[in-house]
> 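Right, I'll just put the structure down here and ask away after.
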Amino acid sequence: MNFENTFKQIDQILWKEPGCSSELDYIEQKSWLLFLKYLDEYEMEREEESELEGKNYNRIITSFYRWTSWAAPKDSNGEIDVVNALRGDDLVEFVDQKLFPYLKKFKETATATDTLEYKIGEIFDELHNKIRSGYNMREIINKIDELHFQSAEDKHEMTVLYEGNIQRMGNAGRNGGEYYTPRPLIRSIIKIVDPKIGETVYDPACGSAGFLCEAFLYMKEKISKTEDVETLQKRTFFGKEKKGLPYIIATMNMIFHGVAAPNIAHGNTLTQNMASVQDSERKNVILANPPFGGNERGEVLQNFEIRTSETAYMFMQHFMKMLKAGGRAGIVIKNTFLSNGDAVGVRKLLLENCNLHTILDLPSGVFTGAGVKTVVLFFTKGEPTKKIWYYQVDKHFTKTSPLTESDLEEFIRLQKTKEDSEHSWSIDVADLGDDFDLSVKNPNKVEVVDERKPVEILSSIKELNEEIDNLIVDIANNIVIKEVL
């Protein structure tokens, strides 16, 4: 069955549920069911691989709690056993009173925190079943059971659709960019930063883990020996997320993408005391889109050298502190950081301690629904900034015409040599004033001047208004004719 059609059909069923009123609810409920089906096939694969190697595989989920037992028992024809399959109130009661408590206990019984077993326990410790109709749940289960994740193509299609759902979840939230950063932008940032196997990659405000998932896919292509697989699985990616739902989505998203036991923590990054950071905690690469605005308690502000109430500026200090010497970062941030008076101290700290070599200026339409202009800061820790190369994306983006990777191809090409062009230029930090204003001012952009006289402009406006009036009349007449007919 087609993943896209199935996802749409499931959303239509969830629409009937009183406890599911938004895209956030849809993806939360769809996720845990999809996750259990995915886990069942994952464990089947491990069983088959172990059998070929002459080894035993001990299942994490056993007995009646397996998907093939409680959710999708089959008859002799391989179809859902409608006689023995749970449905109605019995199904909801089993999920609420037996299945979820069973899965939550893995957090206590797991041998270590870096295991898939522990992650399952963490996920179901945070989740709640909001599907109250056992008949709706049965219908959803039957549709999910038709999906399969055995082939690489199946997994790729599923993750692409899942990412699309996460995007809609972000756009349904208070801030469109709160959970979702466009994947073409993420992939382009990763190409510039170029994380290598053996390096650590960190996102302390990971949302749905888009940066970490894409970094994994990018680095997976560079695997050259068996040890690289375990390195990427266990010792490369680290994330933290403050909010419960995106933390759960992030963990599942990474598992879907192929990281069996993601190193993602649930908590507020900004509560960490920056003065106590040890070198062993620092990372080689930081990729992030930190939240802006918000409020933090007074004691949180005390953790930072430069006191500010803006969370994005606190995160900037965290990034600088958490990078190893020679470490690299690609950070999406609201463009007001470049000139805001409250950020002077943070900009000064950044320029003195890091080489801010590149600033990518993006138009407001990149983040659909967020309505903010952003920039991407690329910097390396350990040497002061002398020159900054800017690139300005001069194109309008909308929901129906979003940013694509091809829109950033010129940026990636020119960035290698820091060439000047109509869209790119460089500035010397020595020429900056005491406010360290880094505002985007393209000296090469040719401004199109409207040389028409005011009378001519007014005449054009009048003509356009007349065309609109005529069009409205035509539409109205057509409606009347149809009604008569």
Side-chain angles (χ1 to χ4, degrees), residues 177 181-206 209-222 232 236-237 239 283-290 315-316 319-320 322-335 337-338 350-351 353-363 366-367 373-383 385-395 397 402-421 423-427 429 438 440 442:
T181 305
R183 293 312 180 254
L185 176 60
I186 288 178
R187 286 191 282 269
S188 298
I189 292 171
I190 290 170
K191 286 177 185 176
I192 298 294
V193 178
D194 189 26
K196 297 173 174 60
I197 292 177
E199 293 186 320
T200 47
V201 180
Y202 175 52
D203 183 351
C206 70
F211 275 106
L212 298 177
C213 289
E214 290 295 340
F216 170 72
L217 295 177
Y218 178 82
M219 297 171 79
K220 189 171 75 165
E221 296 298 316
K222 301 182 178 184
L232 287 186
T236 299
F237 305 101
K283 306 296 189 287
N284 300 105
V285 171
I286 295 180
L287 304 165
N289 177 6
F315 270 106
M316 281 300 300
F319 301 148
M320 287 183 267
M322 290 299 293
L323 270 180
K324 289 186 175 183
R328 310 177 306 287
I331 307 299
V332 182
I333 195 166
K334 198 175 176 185
N335 76 335
F337 170 76
L338 301 179
L350 176 62
L351 296 173
N353 293 281
C354 300
N355 178 15
L356 176 61
H357 54 82
T358 300
I359 295 178
L360 171 63
D361 180 54
L362 299 167
V366 168
F367 284 82
K373 272 182 64 64
T374 56
V375 292
V376 185
L377 310 177
F378 296 91
F379 54 90
T380 303
K381 183 176 177 177
E383 55 185 37
T385 307
K386 294 181 179 178
K387 183 173 282 192
I388 304 172
W389 182 75
Y390 287 75
Y391 184 92
Q392 186 174 54
V393 178
D394 190 16
K395 187 176 178 181
F397 300 105
L403 175 81
T404 66
E405 285 185 74
S406 63
D407 294 315
L408 296 170
E409 283 179 356
E410 184 184 68
F411 161 67
I412 292 171
R413 178 171 53 81
L414 296 179
Q415 197 274 340
K416 293 175 182 176
T417 55
K418 311 291 195 298
E419 290 181 42
D420 279 6
S421 70
H423 303 119
S424 60
W425 67 98
S426 296
I427 66 165
V429 170
L438 302 175
V440 177
N442 186 350

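Heavy atoms only: backbone and side chains are in, while hydrogens, waters and symmetry mates are out. Residues: numbered from 1 along the sequence shown.
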> Over all heavy atoms of both residues, which pair between Val201 and Pro195 is shortest? Give the atoms and the distance, please.
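Distance-wise, the nearest heavy atoms are CG2-CB, 4.0 Å.
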> When you look at Asp361 and His423, which way does the side-chain contact (heavy atoms from CB on, under 4.5 Å) test go after all the steps?
CA-CA 10 Å; Asp361 180 54; His423 303 119; over 6 Å; no
> I'd like to check the side-chain hydrogen bond (donor to acceptor under 3.5 Å, both in side chains) partners of Thr404; sequence neighbours left out, ordered by chain and number.
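With sequence neighbours excluded, Thr404 shows a side-chain hydrogen bond (donor to acceptor under 3.5 Å, both in side chains) to Ser406, Asp407, given in chain and number order.
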> Evaluate Lys395 against Leu403 for side-chain contact (heavy atoms from CB on, under 4.5 Å), listing each step before the verdict.
CA-CA 9 Å; Lys395 187 176 178 181; Leu403 175 81; over 6 Å; no
> Quick check for you: to the nearest 0.5 Å, what is the distance between Tyr202 atom OH and Lys324 atom NZ?
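So the OH of Tyr202 and the NZ of Lys324 are separated by 13.5 Å.
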> Would you please test Leu351 and Ile388 for side-chain contact (heavy atoms from CB on, under 4.5 Å) and show each step?
CA-CA 10 Å; Leu351 296 173; Ile388 304 172; 4.1 Å; yes
> Rounded to the nearest 0.5 Å, what's the gap from CD1 on Ile333 to CE on Met316? Could you check?
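It comes to 5.0 Å.
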> Look at the rings of Phe411 and Phe378 and say which category their plane angle falls in: under 30° parallel, 30 to 60° tilted, over 60° perpendicular.
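Ring orientation, 0 to 90° scale: tilted.
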> If the condition is side chain to side chain contact (heavy atoms under 4.5 Å, CB included), which residues does Ala205 pass it with, not counting sequence neighbours?
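Counting only residues at least two positions away or on another chain, Ala205 forms a side chain to side chain contact (heavy atoms under 4.5 Å, CB included) with Asp203, Pro291, Phe315.
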> Take Phe319 and Leu377 through the side-chain contact (heavy atoms from CB on, under 4.5 Å) test and state the conclusion after the steps.
CA-CA 12 Å; Phe319 301 148; Leu377 310 177; over 6 Å; no
> Measure the spacing between CD1 of Ile427 and CH2 of Trp389 and express it to the nearest 0.5 Å.
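Ile427 atom CD1 to Trp389 atom CH2 measures 13.5 Å (nearest 0.5 Å).
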> Rounded to the nearest 0.5 Å, how far does CG of Leu414 lie from OH of Tyr391?
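Taking OH in Tyr391 and CG in Leu414, the distance rounds to 6.5 Å.
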> Might you point out which heavy atoms bring Thr358 and Lys418 nearest each other, and give the distance in Å?
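Heavy-atom minimum between the residues: OG1-CE, 3.5 Å.
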> Determine whether a donor-acceptor pair (N or O, by modelled atom type, separation under 3.5 Å) exists between the side chain of Lys283 and the backbone of Met322.
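Here the side-chain-to-backbone pair does not exist.
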> Would you call the rings of Phe216 and Phe237 parallel, tilted or perpendicular if under 30° counts as parallel and over 60° as perpendicular?
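Perpendicular: the ring planes of Phe216 and Phe237 meet at over 60°.
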> Test: salt bridge (charged side-chain N to carboxylate O under 4.0 Å, His left out). Region: residues 189-199. Which pairs qualify, not counting sequence neighbours?
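Residue pairs with at least one partner in residues 189-199: Lys191-Glu405, Asp194-Lys196, Asp194-Lys222, Glu199-Arg328.
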> Measure the spacing between CD1 of Ile192 and CZ of Arg187 and express it to the nearest 0.5 Å.
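Those atoms lie 14.5 Å apart.
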> Looking only at side-chain N and O atoms, does Thr417 offer a donor or acceptor that is under 3.5 Å from a partner on Glu419?
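Checked: Glu419/Thr417 side chains pair up, N/O donor to acceptor below 3.5 Å.
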> As an exercise, state the distance from CG of Asp394 to CG of Asn442, rounded to the nearest 0.5 Å.
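Here the interatomic distance stands at 8.0 Å.
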